Each structure stands twice: as structure tokens, then as C-alpha cells.
There are 2 protein chains.
Amino acid sequence: MDGVREKILDAAGRVFAERGYKSATIRQICQAAEVNVAAVNYYFGDKQQLYLDTVKQAHRRLSAQFPLPPWPEETPPANKLNGFIRAMLARMIGGKATPWEQQLMLREVLHPTNACRELVEEYFRPHLELLLSIVSELLPHGTAAHRQRQVAFSIIGQCLFYRIAGDIVDMLSATDQRQHFTIEQLAEHITRFSLAAISGTSDFDDRDNRARQPTSVS
Amino acid sequence: MDGVREKILDAAGRVFAERGYKSATIRQICQAAEVNVAAVNYYFGDKQQLYLDTVKQAHRRLSAQFPLPPWPEETPPANKLNGFIRAMLARMIGGKATPWEQQLMLREVLHPTNACRELVEEYFRPHLELLLSIVSELLPHGTAAHRQRQVAFSIIGQCLFYRIAGDIVDMLSATDQRQHFTIEQLAEHITRFSLAAISGTSDFDDRDNRARQPTSVS
DNA sequence: ACTTGTTTTAAACAGTTGTTTGAAACGTTT
DNA sequence: AAACGTTTCAAACAACTGTTTAAAACAAGT
């Protein structure tokens, strides 16, 4: 639509997300943006700088598109958790073709580059803090901070899995079971699984080592 | 050491694991293997075929190094689960520098290539089946198959997370909390978390929708 | 020693990569 | 219109890519 700079940024986002930094070529990007090859170097200096600006733009767009949800104060924490999980799953595996912004961010998670630090502070950390606040409401008052983090990571891990290993899950599952892996079904399961885990583990709290022989495994 | 073919395969494994298929160059591989550039094409035909053979070798080595554990028949399922989780975590984030075999497999999970199908059938599926057998012992008799799979994926997801997002976890955690993210601690947490979840969720079984208003979230 | 088949090698090939260049095209200001 | 800074463009550049080649080195078998 508008300026050349914006056209390049948009095309670069899609190409970088699909092919990665190294595999994406400036010529592909410029062809997608319908501009001359020299435009990238003219507006961004070099490929590296274009990539950094692209990642920044991705995080800016995502933050605008998925703002941290303002729940009413009296919302039960269990419902907040369900909403959080649902939103996370929808963001990651929803909308058929995953938006390139998400793909780019995921690439940074897997293989952090220079663009990563800013992403962590301005995007991941706020979301983690929100989840931690929900978890702290569900766990017994005074639960150790690292416990809360472990629980939060367990929840995130369950959601991330289907984003990461979605293709493998498909290959591993019979076609007649695939209907049970919709966003709705998964959000339902992960919420229940995590809530049960939270109310179950909270009992032991700090009485460590309960009925557990070290089971050496090959 | 021995034959040229083996030297190339070994070097290729390390280079492919570190840089990915596209970024890894034949010249890098041959330099690491201390052989001529033409050797790859002479022994393997082309780069693609070398990659396929490399992945095959990775899965062969891993299968040999981490055979499926033969527990005594009477081992309590909870202990089996603990052992499984511990082994999975150790394989993924143990041993300081992750062996290139694991890195290569993970790359296939994230971006499946032609080499993936064989991996799924000969490596991932057997491990999933083992976990499913453990889970089925822990869940109430007659639990639906897709439920068992969801539980299994929740467990795998928790473990995989620290492999996938390890760098981000480090950035997100204060230095004084990092001591709580050892393999031992994590295995302990994930085992407890999952066991509690399993014994908790089994109650509701098939009585769906329990006290849950659809919490729309931005 | 000669032949035969296999392996190794340096050099070259054709194609792609990021980047540069120098001249045109454009839009404003004088 | 002339002059100016900015933007666009086709072409070229040097470096790197996977792959091929043709000659040399090697290791038997005769």
C-alpha cells in the first residue's frame, strides 16, 4: 500500500518467518514487496538491520493485536487461567495459517539472535508476569517464587508443545483421533490438567521427598 | 579415525546440528572431516542424501545410547513415570553441551523434512507408546484413548519446554533462582505436577463442562 | 611391469548470494 | 526552467554455493 519502507518490512516479515534469516534472500523479499533489490540496502543499510527492524515490528504488531487482557477484579482465578490458556493456544495454533509475526517470534525463542533481548523484556516477560499473578492466586499463600515459576512453565510448556511439535503430533495420531486436538478441546484439557495439578501439589508444599525411590532408568 | 565415509558422517552431524541444513556448507563439513570437497559427492551423491544419512545415523546412535528401559514388572507406575521424565530431561538438557544427535532430531521436529517420517516411526512412536502404557496404568481403567494421549502430550510438553526455551528461561529468571532449574529439581516438579493432575482429573472423567463460563479474553 | 578398478585431489563450473554503482527518474525549490 | 536532493533502477561486483571434471595417486591382481 503505502511507503516503500513499509512494503519491504511487511514482505520481509513473511519471508523471514517462513524461511529463516539465512535462507531468506533479499531478492525474494524485494520481489514480494515489488521493489528493486537495491531498495533494502538503501532503506535499511544491510540484511541484518532489516531483520532487526522486522522483528521489532512483529513484536509491536503482536502487542497491539493481543493486548494483555483486563479482567474484572472479581474474576475467579480459575477462569482467568482458562482464558489465558485459551488465548495462548489461539495465538499459537489458531487462525489456520499462523501469522508471520508469531512464526518470527518463535524463531527467536528457538535460536535467539541479537533481536532477542528486547523481545524478552517487552513481550515475554509481561506475559509471564500475568500468568504468575494468576498462578499465585491459585497456589497456597506463601508458595516459594521458584515453585510458582515451575508451575507457570509447566502450563506454558503444555501449550507451546502443540505449536512446536504440531506436525509430529499429526503423524503420531490416527486420523480418527485428530478431531480431539482442536483449540477448544486442548484448552479444556490443559486447564483441567493444570488446575488439578495445582490443587494436588499444594498439599505437599515443603515436605519434600515423598514415597519416591530413585528409579534409575537405563 | 576409520573410513572416510564415517569421518564425513560424524562431521556432518555436528555441522548440520549447529547450523541447519541450508546454512551448513559442504566445504565446512569437509574441512571438519579433513577430506576433499569432492568426497561428499563421491560417497553420498549430493548434499541432500548426506543429510538423510546423517539423520538416520543420529537416530541409530540415540537408540543405542538410550534404549527403552526394561522395568521390572511390579514397578509402581508412579515410579516408572518419574524414571521416564528423568530420562527425557537428562537426554534433552543434560550433559552440558547437548550432543549433536539430539540437536538434529529437534531440528526435524521443528521443521520436518523428508528424513522425518522414518524418525517418527522408529524413534518417537515407540517412546510415546511406552509413556502411554505408563499413563494408562495411572488413569482410571477405560479412559478414552484421546484422553491418554492428551495427558502424555502434557507431560512431554513440560519436558520439551526447557529444551526449547532454555535460553529464554535463563533470560527470564533472576540469577538467584537459576539453582532451582536443575534436572533433578525439574524432574521432581514435573513428576509431582503430572501425578497430581492425573489423580485430579480422573474424577470428572466424562462429565464435561464443570463450572466454567467462557471467559472471553480480549 | 602392466593392467584394472578405486579413491583422492586441485581446479574449474554454473548459479546464487549480499552489496555497490552510476546513471536515470522524480519532486521541490529557486 | 534550472538546480537540487531524494528515490528508483538495471547492471555489475566479488564472494560463496553445490557440483563436476579430468588428471593424479593408490592398491590390488595378473
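The chains referred to below are lettered A, B, ... by the order of the sequence lines, with proteins before strands, and numbering in each begins at 1. Excluded from the calculations below are hydrogen atoms, water molecules and symmetry mates; all remaining heavy atoms, backbone and side chain alike, are included. Just so it is clear, the model here is predicted, and its values are computed rather than measured.
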Undergrad: So what does B/Val40 hit on the nucleic acid, given a heavy-atom distance under 4.0 Å: a base, only sugar-phosphate, or nothing?
TA: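 The residue B/Val40 makes no contact with any strand.
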Undergrad: Send over the distance from B/Gln31 CD to D/dG18 P, rounded to a whole Å.
TA: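 Taking CD of B/Gln31 and P of D/dG18, I get 13 Å after rounding.
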Undergrad: Near B/Glu34 CD, under 6.0 Å, is it more than 12 heavy atoms from other residues, nucleotides or ligands?
TA: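 Not more than 12 within 6.0 Å, no.
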Undergrad: Within a radius of less than 6.0 Å around CD of A/Gln185, do more than 12 heavy atoms belonging to other residues, nucleotides or ligands occur?
TA: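 Counting neighbours around CD of A/Gln185, more than 12 heavy atoms of other residues, nucleotides or ligands fall under 6.0 Å, so yes.
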Undergrad: Would you mind telling me which of A/Ile168, A/Leu106, A/Ile164, A/Asp167 makes a side-chain contact (heavy atoms from CB on, under 4.5 Å) with B/Leu110?
TA: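 Output: one option passes, namely A/Ile164.
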Undergrad: Taking atom CD of A/Glu18 as the centre, does the number of heavy atoms from other residues, nucleotides or ligands within less than 6.0 Å exceed 12?
TA: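 For A/Glu18, atom CD is not crowded (no more than 12 foreign heavy atoms under 6.0 Å).
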Undergrad: Near DNA chain C, which residues from residues 10-18 of chain A have a heavy atom under 4.0 Å away?
TA: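 Within this stretch, nothing sits under 4.0 Å of the strand.
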Undergrad: What is the per-nucleotide protein-contact pattern of nucleotides 9-17 of chain D, from the 5' end, where B denotes a base atom under 4.0 Å from a protein heavy atom, S denotes such proximity for sugar-phosphate atoms only, and - denotes neither?
TA: BB-B----B
Undergrad: Taking atom CD of B/Gln49 as the centre, report whether more than 12 heavy atoms of other residues, nucleotides or ligands fall under 6.0 Å from it.
TA: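 Enclosed: over 12 neighbouring heavy atoms sit under 6.0 Å from CD of B/Gln49.
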Undergrad: Can a side chain N or O of B/Tyr43 be found less than 4.0 Å away from OP1 or OP2 on C/dT7?
TA: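 False: B/Tyr43 side-chain N/O out of range (4.0 Å or more) of C/dT7 OP1/OP2.
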Undergrad: Output yes when A/Arg5 and A/Asp10 qualify as a salt bridge under the 4.0 Å nitrogen-oxygen rule, no when they do not.
TA: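 Answer for the salt bridge query: no.
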Undergrad: What integer distance in Å separates A/Arg19:CZ from C/dT16:P?
TA: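 That distance rounds to 13 Å.
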Undergrad: Do the two ring centres, one from A/Phe161 and one from B/Phe161, sit under 6.0 Å apart?
TA: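 Not under 6.0 Å, so no.
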Undergrad: For B/Asn41 and for A/Val4, locate the closest nucleotide of DNA chain D by heavy-atom distance; then report the residue assigned to the nucleotide nearer the 5' terminus.
TA: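 Result: A/Val4.
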Undergrad: For the pair made of CD1 in B/Ile8 and P in C/dT9, what is the distance, rounded to whole Å?
TA: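 It is 11 Å, rounded to the nearest whole Å.
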Undergrad: Is it the case that atom CZ in B/Arg117 sees more than 12 heavy atoms from other parts of the structure closer than 6.0 Å?
TA: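 Open.
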Undergrad: How long is the line joining CD of B/Gln49 and P of D/dG18, in whole Å?
TA: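 Taking CD of B/Gln49 and P of D/dG18, I get 16 Å after rounding.
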Undergrad: Going by the rule side-chain hydrogen bond (donor to acceptor under 3.5 Å, both in side chains), which residues pair with B/Glu137 if we only count those two or more places apart in sequence or in a different chain?
TA: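 Checked B/Glu137 against side-chain hydrogen bond (donor to acceptor under 3.5 Å, both in side chains); matches are B/Lys80.
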Undergrad: To the nearest Å, how far apart are A/Asp46 CG and C/dT20 P?
TA: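 A/Asp46 atom CG is separated from C/dT20 atom P by 8 Å.
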